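What follows is a single structure, written as C-alpha coordinates, with notes after it.
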Amino acid sequence: MNPLPYIIQWMPLLAFIGTYLLIIAYDKSKMVERVKSKGIKTVGTVVEIRQNPGELFGSKEGEGQAPVVDFVTNNGSHRHYSTHYQSPCPYQVGQKVEVWYYFYKSIREVLLADEDAGTLPKTLFRWGIALCLISYPFLIKKLMLLGGTN
(Lines give C-alpha, C1' and ligand atoms only; values in the text may rest on other atoms or scores of the structure.)
Protein backbone atom coordinates (compact mmCIF):
# COMPACT_ATOMS: atom_id res chain seq x y z
CA MET A 1 0.00 0.00 0.00
CA ASN A 2 1.43 3.34 -1.07
CA PRO A 3 0.98 6.06 1.60
CA LEU A 4 1.82 8.94 -0.78
CA PRO A 5 -1.77 9.61 -1.95
CA TYR A 6 -2.92 9.87 1.67
CA ILE A 7 -0.09 12.26 2.55
CA ILE A 8 -0.89 14.42 -0.48
CA GLN A 9 -4.55 14.62 0.59
CA TRP A 10 -3.52 16.05 3.98
CA MET A 11 -1.17 18.70 2.56
CA PRO A 12 -3.91 21.35 2.08
CA LEU A 13 -4.73 21.07 5.77
CA LEU A 14 -1.06 21.72 6.59
CA ALA A 15 -1.27 24.87 4.43
CA PHE A 16 -4.07 26.19 6.59
CA ILE A 17 -2.19 25.26 9.78
CA GLY A 18 0.91 27.07 8.47
CA THR A 19 -1.17 30.15 7.68
CA TYR A 20 -2.71 30.05 11.14
CA LEU A 21 0.76 29.85 12.72
CA LEU A 22 1.81 32.94 10.76
CA ILE A 23 -1.26 34.84 12.00
CA ILE A 24 -0.55 33.84 15.62
CA ALA A 25 3.14 34.79 15.22
CA TYR A 26 2.15 38.25 14.02
CA ASP A 27 -0.33 38.69 16.88
CA LYS A 28 2.21 37.61 19.50
CA SER A 29 4.89 39.89 18.04
CA LYS A 30 2.56 42.88 18.55
CA MET A 31 1.69 41.96 22.17
CA VAL A 32 4.12 44.41 23.80
CA GLU A 33 2.93 47.27 21.61
CA ARG A 34 -0.74 46.39 22.22
CA VAL A 35 -0.41 46.15 26.01
CA LYS A 36 1.53 49.41 26.30
CA SER A 37 -0.92 51.33 24.08
CA LYS A 38 -4.27 49.87 25.24
CA GLY A 39 -3.31 48.64 28.69
CA ILE A 40 -3.41 50.31 32.06
CA LYS A 41 -0.21 51.19 33.87
CA THR A 42 0.02 50.45 37.58
CA VAL A 43 2.60 49.63 40.24
CA GLY A 44 3.17 46.11 41.51
CA THR A 45 5.37 44.47 44.12
CA VAL A 46 7.88 41.70 43.47
CA VAL A 47 6.87 38.88 45.83
CA GLU A 48 9.19 36.12 44.62
CA ILE A 49 12.13 35.45 42.31
CA ARG A 50 11.84 32.19 40.36
CA GLN A 51 14.67 30.15 38.85
CA ASN A 52 14.58 29.32 35.15
CA PRO A 53 13.22 25.78 34.82
CA GLY A 54 15.16 25.36 31.57
CA GLU A 55 13.94 24.74 28.07
CA LEU A 56 11.28 22.14 27.39
CA PHE A 57 13.74 19.82 25.64
CA GLY A 58 17.01 20.94 27.20
CA SER A 59 18.63 23.83 29.01
CA LYS A 60 20.63 25.69 26.37
CA GLU A 61 19.95 29.13 27.84
CA GLY A 62 21.52 28.41 31.20
CA GLU A 63 20.41 29.83 34.51
CA GLY A 64 18.35 32.92 35.00
CA GLN A 65 15.71 34.36 37.27
CA ALA A 66 12.37 36.08 36.74
CA PRO A 67 10.10 37.98 39.12
CA VAL A 68 6.63 37.12 40.36
CA VAL A 69 4.68 40.36 40.75
CA ASP A 70 1.47 41.10 42.65
CA PHE A 71 -0.57 44.09 41.48
CA VAL A 72 -4.04 45.48 42.07
CA THR A 73 -6.66 46.39 39.44
CA ASN A 74 -10.24 47.63 39.74
CA ASN A 75 -11.32 43.97 39.75
CA GLY A 76 -9.02 42.82 42.53
CA SER A 77 -5.52 41.54 43.12
CA HIS A 78 -3.59 39.68 40.43
CA ARG A 79 -0.28 37.82 40.23
CA HIS A 80 2.00 37.87 37.19
CA TYR A 81 4.58 35.13 36.69
CA SER A 82 7.17 36.64 34.36
CA THR A 83 8.95 34.35 31.91
CA HIS A 84 11.60 36.94 31.10
CA TYR A 85 14.54 35.17 32.79
CA GLN A 86 17.71 37.20 33.29
CA SER A 87 21.04 36.64 34.94
CA PRO A 88 21.72 38.52 37.12
CA CYS A 89 18.13 39.32 38.01
CA PRO A 90 17.57 43.09 38.24
CA TYR A 91 14.68 42.62 40.68
CA GLN A 92 14.54 42.05 44.43
CA VAL A 93 11.71 40.80 46.60
CA GLY A 94 9.72 43.77 47.89
CA GLN A 95 10.75 46.04 45.01
CA LYS A 96 8.05 48.22 43.42
CA VAL A 97 7.84 47.81 39.62
CA GLU A 98 5.77 49.27 36.79
CA VAL A 99 3.21 46.87 35.35
CA TRP A 100 1.01 47.26 32.28
CA TYR A 101 -2.05 45.06 32.03
CA TYR A 102 -4.69 44.57 29.37
CA PHE A 103 -7.73 42.51 30.41
CA TYR A 104 -10.50 42.13 27.85
CA LYS A 105 -12.98 39.24 28.02
CA SER A 106 -10.74 36.14 28.15
CA ILE A 107 -7.56 38.02 27.18
CA ARG A 108 -5.17 38.50 30.12
CA GLU A 109 -1.93 40.17 29.06
CA VAL A 110 0.52 41.57 31.62
CA LEU A 111 3.87 43.17 30.95
CA LEU A 112 6.75 44.49 33.03
CA ALA A 113 8.81 47.46 31.86
CA ASP A 114 11.71 45.38 30.45
CA GLU A 115 9.76 42.43 29.01
CA ASP A 116 9.53 41.68 25.32
CA ALA A 117 7.61 39.23 23.13
CA GLY A 118 10.24 36.51 23.62
CA THR A 119 11.09 33.76 21.15
CA LEU A 120 7.56 32.41 20.56
CA PRO A 121 6.73 34.72 17.61
CA LYS A 122 9.96 33.80 15.81
CA THR A 123 9.43 30.09 16.41
CA LEU A 124 5.81 30.21 15.19
CA PHE A 125 6.89 32.27 12.17
CA ARG A 126 9.56 29.72 11.19
CA TRP A 127 7.19 26.77 11.51
CA GLY A 128 4.45 28.64 9.64
CA ILE A 129 6.78 29.49 6.75
CA ALA A 130 8.05 25.90 6.57
CA LEU A 131 4.55 24.41 6.52
CA CYS A 132 3.35 26.93 3.94
CA LEU A 133 6.32 26.37 1.63
CA ILE A 134 5.85 22.61 1.77
CA SER A 135 2.08 22.46 1.52
CA TYR A 136 0.83 25.41 -0.55
CA PRO A 137 1.88 23.84 -3.87
CA PHE A 138 -0.32 20.84 -3.03
CA LEU A 139 -3.21 23.13 -2.09
CA ILE A 140 -2.89 25.07 -5.34
CA LYS A 141 -2.73 21.82 -7.32
CA LYS A 142 -5.85 20.52 -5.56
CA LEU A 143 -7.72 23.78 -6.21
CA MET A 144 -6.74 23.64 -9.87
CA LEU A 145 -8.03 20.07 -10.13
CA LEU A 146 -11.31 21.05 -8.46
CA GLY A 147 -11.65 23.99 -10.85
CA GLY A 148 -11.18 21.72 -13.86
CA THR A 149 -7.96 23.36 -15.09
CA ASN A 150 -4.69 21.47 -15.39
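In this text, all values refer to a predicted model and were calculated from it rather than measured experimentally. These values consider heavy atoms only, across backbone and side chains, with no hydrogens, waters or symmetry-generated copies.
- Between Q9 and K142, the closest side-chain pair of non-hydrogen atoms falls below 4.5 Å.
- In the hydrophobic cluster analysis, where Ile, Leu, Val, Met, Phe, Trp and Tyr join through side-chain heavy atoms closer than 4.5 angstrom, Y91 is grouped together with V93.
- In this structure, A15 and C132 approach most closely via the heavy-atom pair O-SG, 4.1 Å.
- A distance of 11.5 Å separates CG in L143 from NZ in K141, rounded to the nearest 0.5 Å.
- Through side-chain heavy atoms spaced under 4.5 Å, either directly or across other Ile, Leu, Val, Met, Phe, Trp or Tyr residues, Y26 is tied to no other residue.
- Remark: side-chain polar atoms of Q95 are paired, donor with acceptor, to backbone N or O of Q92 under 3.5 angstrom.
- Listed here is the closest heavy atom pair of G44 and V99: N-CG2, 4.0 Å.
- To the nearest 0.5 Å, atom CG of residue L112 and atom NE2 of residue H84 are 9.0 Å apart.
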Step by step, work out the side-chain contact (heavy atoms from CB on, under 4.5 Å) result for T42 and T73.
CA-CA 8 Å; T42 188; T73 69; 5.8 Å; no
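- Looking only at atom types and distance, the side chain of E115 has a donor-acceptor partner in the side chain of S82 under 3.5 Å away.
- Judged by distance alone, the side chains of R50 and Y85 do bring a donor and an acceptor atom under 3.5 Å apart.
- Note that CG of L22 and CG of D27 are 12.5 Å apart. Values are rounded to the nearest 0.5 Å.
- Atoms CZ and OG1, from R79 and T45 in turn, are 10.5 Å apart once rounded to the nearest 0.5 Å.
- Counting heavy atoms from C-beta outward, L120 and K122 have side chains that stay 4.5 Å or more apart.
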Would you list the atom pairs, donor with acceptor, under 3.5 Å between side chains in residues 123-130 and any protein atom, with sequence neighbours excluded?
from : atom 1 : to   : atom 2 : distance (Å)
T123 : OG1    : T119 : O      : 3.0

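- Side-chain N/O atoms of Q65 and Q86 include no donor and acceptor closer than 3.5 Å.
- Every side-chain hydrogen bond (donor to acceptor under 3.5 Å, both in side chains) that E109 has, sequence neighbours left out, goes to R34.
- The CG atom of L21 sits 10.0 Å away from the CG atom of L14 when rounded to the nearest 0.5 Å.
- Both V110 and V97 sit in one connected hydrophobic cluster of ILVMFWY residues. Membership requires side-chain heavy atoms under 4.5 Å apart, directly or through other members.
- Smallest separation of non-hydrogen atoms from P121 and A25: O-CB, 3.4 Å.
- In this structure, Y101 has its ring center no closer than 6.0 Å to that of H80.
- Between F103 and F71, the ring planes are tilted. Angles from 30° to 60° get that label.
- At a threshold of 4.5 Å between side-chain heavy atoms, the hydrophobic network of Ile, Leu, Val, Met, Phe, Trp and Tyr places V68 and I49 in two separate groups.
- In this structure, the separation between OG on S37 and OH on Y102 is 8.5 Å, given to the nearest 0.5 Å.
- In this structure the side chain of Y136 never reaches within 4.5 angstrom of the side chain of L131, judged on heavy atoms.
- Residues I40 and I107 do not share a hydrophobic cluster, defined by chaining ILVMFWY side chains whose heavy atoms lie under 4.5 Å apart.
- Closest of all the heavy-atom pairs between M11 and S135 is O-CB, 3.1 Å.
- Residue K38 qualifies as open at atom NZ: its count of foreign heavy atoms under 6.0 Å is 12 or below.
- Placement of W10 and I134 within a single hydrophobic cluster is found when ILVMFWY residues are connected by side-chain heavy-atom separations under 4.5 Å, directly or transitively.
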